[in-house]
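These notes are about the structure you will find just below.
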Amino acid sequence: MGTKNVNAIISEEQNDNSLPVLDGTLGPSAVDIQTLYSRNGLLAYDPGFRSTASCKSSITFVDGDKGILLYRGYPIEELAEHSEFIEVAYLLMHGELPSPGQRKQFDEAIGYYNLLHEQVLSFYRGFRRDAHPMAIMVGVVGALSAFYHDVMNIRDANDRELAAIRLIGKMPMIAAASYTYSVGRPQRYPNNKYDYASNFLQMMFGAPNREHIVDPVLARALDIILILHADHEQNASTSTVRLAASSGANPFACIAAGIASLWGPAHGGANEAVLKMLMEIGTVENISKVIERAKNKSDSFRLMGFGHRIYKNFDPRSLVIQKQAKKVLAHLGKEDPLLEIAMRLEEIALKDEYFIERKLYPNVDFYSGILLRAMGFPMNMFTAVFALARTAGWVSHWLELQGESHGIDRPRQLYVGKTLRHYTARK
Ligand code: SDX
């Protein structure tokens, strides 16, 4: 195993060692290596896909060096400022912002399909009361395949759109039910007098023995959180959805696979891990110890909410969330010492050579837990809120890849195991 100039390898085998280069509309070009193996018997090795474009997509663009995030070309900051989650979901799915008539139709469809089949609610009784909401959501969303898989034809564009609408519509009730079940409160139903974010809040925090007034400041803050988390190009959970979908699996099973992948602490589970880390730090005085631990290679500890595979600059989402966290805390007249610790931690880390050299900045998860906690969400619901939002991106990628023709995703490997040997029973 040595290093060789690729041209040297290819030209030994093949006089034509040229490979096409594909240009996108934004971002890096890509060397098309689809014929590398068939022409040269060579594989490209890229664990973690640091240099691999797994597909072409028109949905979201991220420039990690500049801290740019565009949904269908629109900057995330503008969408967070001026749009609403359901409008953004439509944009991600269809590629354009809806006209007033399209928006009304989409709102009505989401509202029509936001109820769960009563038998799905019986699934919740099978879980322990202390089951993590993500465990429940993986199970319940996957189980929707038992209710809708047979009534849809993924080859039919209308059926595909309906499946996407059902998933976006039902996620708030699925997520809220996993919380109310854990605290022994009766499941609440959606009420379409509320908008999407407010409906989720009333299902989360309402109770049958009183009228629940949704605070518009909290509803708007949640809607912005949903916009910010809606999509992020080929992240681990979206790639999981795409890979599952490439086998022709139904959308409910594919989104359940995405939820499972998002749960990991290196991905969507980081928001919960950040809050646990901030609580463990406890006081500003302990920050330097934690920074040293994060830098210590013999310590597996990582500064949760810091770093990103693509962002080597500020994650534009974390800046918006920090602002919303301050706004909501001020609105509620609350002080959260963890916000002070988080801001000091950010300030100290960003001056530290280790973080500067590795371009480690706060990511979307660094402040989101503080904002969600201020709104009353328990820690174990943070990733469930992330999954609720990312369903819009997941279904949009699921819809986009239906038009792809490269067949099932089937990565190869560099085999480093035993060579051929024959069986003899062990004495
Ligand atoms: C999300 O992909 C997406 O788009 C995801 C997401 C989305 O919207 O879908 O943006 C959402 O998942 C955000 C990320 C949430 N995860 C965390 O906050 C967990 C903490 N972060 C790290 O685990 C890490 O930064 C990752 C997983 C996010 C990125 O890991 P990479 O790209 O594999 O980085 P790396 O391991 O190659 O790190 C490069 C260096 C290493 O040090 P050296 O070996 O070069 O000496 O940076 C170090 C790492 O040890 N490093 C950290 C660190 N993150 C990277 N050191 C301390 N603390 C950290 N958080």
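Whatever order the structure lists ligands and atoms in, that order sets their numbers, starting from 1. Since the structure is predicted, the reported quantities are computational estimates derived from the model, not experimental observations. Computation of the quantities below employed the complete heavy-atom set of this structure, encompassing side-chain atoms and omitting hydrogens, waters and symmetry-equivalent molecules.
Residue contacts with ligand 1 for N363 involve side-chain atoms from C-beta outward but no N, CA, C or O (heavy atoms, distance under 4.0 Å). Residue contacts with ligand 1, taken as heavy atom pairs separated by less than 4.0 Å, involve R50 solely via side-chain atoms from C-beta onward. Only the side chain of L360 comes within 4.0 Å of ligand 1, judged by heavy-atom distances.
Ion pairing between a basic and an acidic side chain is recognised when a charged N comes within 4.0 Å of a carboxylate O; D352 and K295 show such pairing.
Within a 4.0 Å radius of atom 11 (C) of ligand 1, the protein contributes one or more non-hydrogen atoms.
Distances from atom 19 (C) of ligand 1 to the heavy atoms of M304, H267, H229, R317 put M304 nearest. Counting heavy atoms only, R302 comes closest to atom 38 (O) of ligand 1 of the residues R309, K359, R302.
The six-membered or imidazole ring of F366 lies near that of F306, with a centre-to-centre distance under 6.0 Å.
Contact between P265 and ligand 1 is present, with at least one heavy atom of the residue lying under 4.0 Å from the ligand. The shortest separation from a heavy atom of F366 to ligand 1 is not under 4.0 Å, leaving the residue out of contact. In this structure, K295 does not count as a contact residue of ligand 1, since none of its heavy atoms falls inside 4.0 Å of the ligand. Using a 4.0 Å cutoff on heavy atoms, R390 counts as a contact of ligand 1.
Near D365, the atoms of ligand 1 lying under 4.0 angstrom from a non-hydrogen atom of the residue are 1 (C), 13 (C), 14 (C), 15 (C).
Ring geometry for H232 against H308 counts as perpendicular: the plane angle is over 60°, on a 0 to 90° scale with 30° as the lower cut. Ring geometry for F252 versus Y148: interplanar angle of 30 to 60°, hence tilted. Using cut-offs of 30° and 60° on the angle between ring planes, the pair H229 and F386 is perpendicular.
Between R188 and Q202, the side chains place a donor N or O and an acceptor N or O closer than 3.5 Å (distance only, hydrogens not considered).
Residues V385 and L222 form a side-chain contact, since some pair of their non-hydrogen atoms from C-beta on lies under 4.5 Å apart.
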